[in-house]
2 protein chains.
Amino acid sequence: MVILEELKKVASHPAADELYELVRRRLPRVSLGTVYRNLELLCESGMVRKLEYGGSQRRYDGDATHHYHLRCVSCGRVEDAPIKPVSEIEESLRKMSDYEIIGHHVEFVGICPECKRKAPRTATQTKRALRKEKKHGTERITN
Amino acid sequence: MVILEELKKVASHPAADELYELVRRRLPRVSLGTVYRNLELLCESGMVRKLEYGGSQRRYDGDATHHYHLRCVSCGRVEDAPIKPVSEIEESLRKMSDYEIIGHHVEFVGICPECKRKAPRTATQTKRALRKEKKHGTERITN
DNA sequence: GAACATATTGGTAATGATTACTATTTCTAA
DNA sequence: TTAGAAATAGTAATCATTACCAATATGTTC
Ligand SMILES: [Mn+2]
Ligand SMILES: [Mn+2]
Ligand SMILES: [Zn+2]
Ligand SMILES: [Zn+2]
């Protein structure tokens with residue numbers, strides 16, 4: 001319950017260890033293993049979504065409804081993309097493929113307003129950042 | 001060169017160790033580290049794409065042009081989705097977000113024809129497979 | 001070609017996120 | 001209470017990826 005509550009409280013799509021720190025404030029004796037185990041159970045029950053895009057750590061999302069994400073290549077922040085999913089895209093693929101299509105995921109990559117302000121980049125710098133990000137995953141943010 | 005050639009030969013989006021085995025047939029003394037190192041260089045030079053969707057291993061794509069992917073939740077196969085990318089979706093997001101949008105990735109999930117034939121699934125079984133797949137990543141395929 | 005500087009490699013160790021394991025604790029229901 | 005079941009904390013194991021470095025290969029200048 002506490003794990004789910006804390007996950008729903010934040011919009012930051014935290015990784016397991018970040019969520020662990022949040023949960024610890026309320027349950028100081030909880031273990032990281034318990035966080036992982038229950039996140040898995042919550043995913044299975046459909047109350048939590050596991051995000052497995054770029055980076056070296058999985059992120060978890062307390063909002064299990066279908067929506068897209070937007071990741072800042074500079075600071076690693078992941079936000080919900082403020083557009084609604086286009087289900088028609090699945091239909092058009094069904095016409096072209098023999099797969100039984102179950103769903104789709106979309107991740108936009110970009111630079112968040114804060115990072116734009118802090119360090120406006122040339123196109124070259126942006127490409128470099130993208131590479132570095134792909135290489136190392138992105139820094140943790142303390143949002 | 002050999003690494004890039006072998007990667008371009010296959011349509012299976014192999015993981016590093018799978019590609020390592022392919023390269024070894026031509027360069028028996030090559031090391032896995034060399035494969036990783038050069039894949040990184042090829043990514044940086046833009047000739048190879050690194051796929052970081054689900055599963056526990058990264059996959060590599062010798063086709064660096066923008067395209068979508070289609071993953072079978074049953075066997076783990078990853079194919080190119082036979083539809084063209086919709087760039088308009090980035091435009092519509094630009095209107096709604098202050099991010100500087102750089103690009104987007106799409107992964108469809110479904111069941112490939114072969115798996116459908118081998119083990120037709122009920123909706124419940126499919127959901128279960130999806131969970132298991134999310135949990136363990138998917139089996140290696142020998143395509 | 002010899003001598004040197006530079007770049008790349010193979011082999012192996014280190015890293016780090018996730019998972020597995022297990023003794024102990026907590027819950028449940030008679 | 002009390003026995004059995006379920007969950008947990010703490011720790012070990014796993015395994016994909018990176019880091020490291022001595023050895024080898026490559027290129028360059030004379
Ligand atoms: Mn979200
Ligand atoms: Mn592809
Ligand atoms: Zn940012
Ligand atoms: Zn399949």
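Letters A, B, ... are given to chains in the order of the sequence lines, protein chains preceding strands, and every chain is numbered from 1.
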**Request:** Could you walk me through whether A/R49 and A/D63 pass side chain to side chain contact (heavy atoms under 4.5 Å, CB included), step by step?
**Result:** CA-CA 7 Å; A/R49 245 183 78 188; A/D63 176 5; over 6 Å; no
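- Heavy-atom contacts from other residues, nucleotides or ligands closer than 6.0 Å to NZ of B/K84 number 12 or fewer.
- One distance of note links CG of A/L70 with CD of A/E79; it measures 6.0 Å at 0.5 Å rounding.
- Counting to the nearest Å, the C1' atom of C/dG16 and the OH atom of A/Y20 are 16 Å from each other.
- Close to C/dT8, at under 4.0 Å from its OP1 or OP2, lies no side-chain N or O of B/R37.
- Distance from the side chain of B/A16 is smallest to D/dT17 among D/dT17, D/dA9, C/dA17.
- For the pair A/D61 and A/K50, the minimum side-chain heavy-atom distance is 4.5 Å or more.
- Atom-to-atom, CG of B/L27 to P of C/dT8 comes out at 16 Å; the value is rounded to the nearest Å.
- One can place CG of A/L41 at 16 Å from P of C/dT18, the figure rounded to the nearest angstrom.
- Whole-Å rounding puts the B/M1 CE to D/dT26 P distance at 14 Å.
- Atom CG in A/L39 sits roughly 15 Å away from atom C1' in D/dA7 (whole-Å rounding).
- Taking only side-chain nitrogens and oxygens, B/N38 never comes nearer than 4.0 Å to OP1 or OP2 of C/dT8.
- Taking only side-chain atoms of B/R29, from C-beta outward, the nucleotide of C/dG11, D/dA16, C/dT18 with the closest atom is C/dG11.
- Two residues are said to be in side-chain contact when any heavy atoms from C-beta on lie closer than 4.5 Å; B/E52 and A/Y53 fail this criterion.
- To the nearest angstrom, P of D/dA16 lies 16 Å from CD of B/E52.
- The shortest distance between the side-chain N/O atoms of B/R58 and the OP1/OP2 oxygens of D/dT18 is below 4.0 Å.
- With distances taken from any side-chain atom of B/L32 to the nucleotides C/dT9, C/dG10, D/dT17, the minimum falls on D/dT17.
- Here the P atom of nucleotide D/dC15 and the CG atom of B/D17 are 12 Å apart, to the nearest Å.
- Side-chain N/O atoms of B/Y36 include one lying less than 4.0 angstrom from OP1 or OP2 on D/dT17.
- Regarding B/E21, its CD atom lies at a distance of 13 Å from the P atom of D/dA16, rounded to whole Å.
- Ranking C/dG10, D/dA16, D/dT18 by closeness to the B/E40 side chain, first place goes to D/dT18.
- The phosphate of C/dA17 (OP1 or OP2) has no side-chain N or O of A/S56 nearer than 4.0 angstrom.
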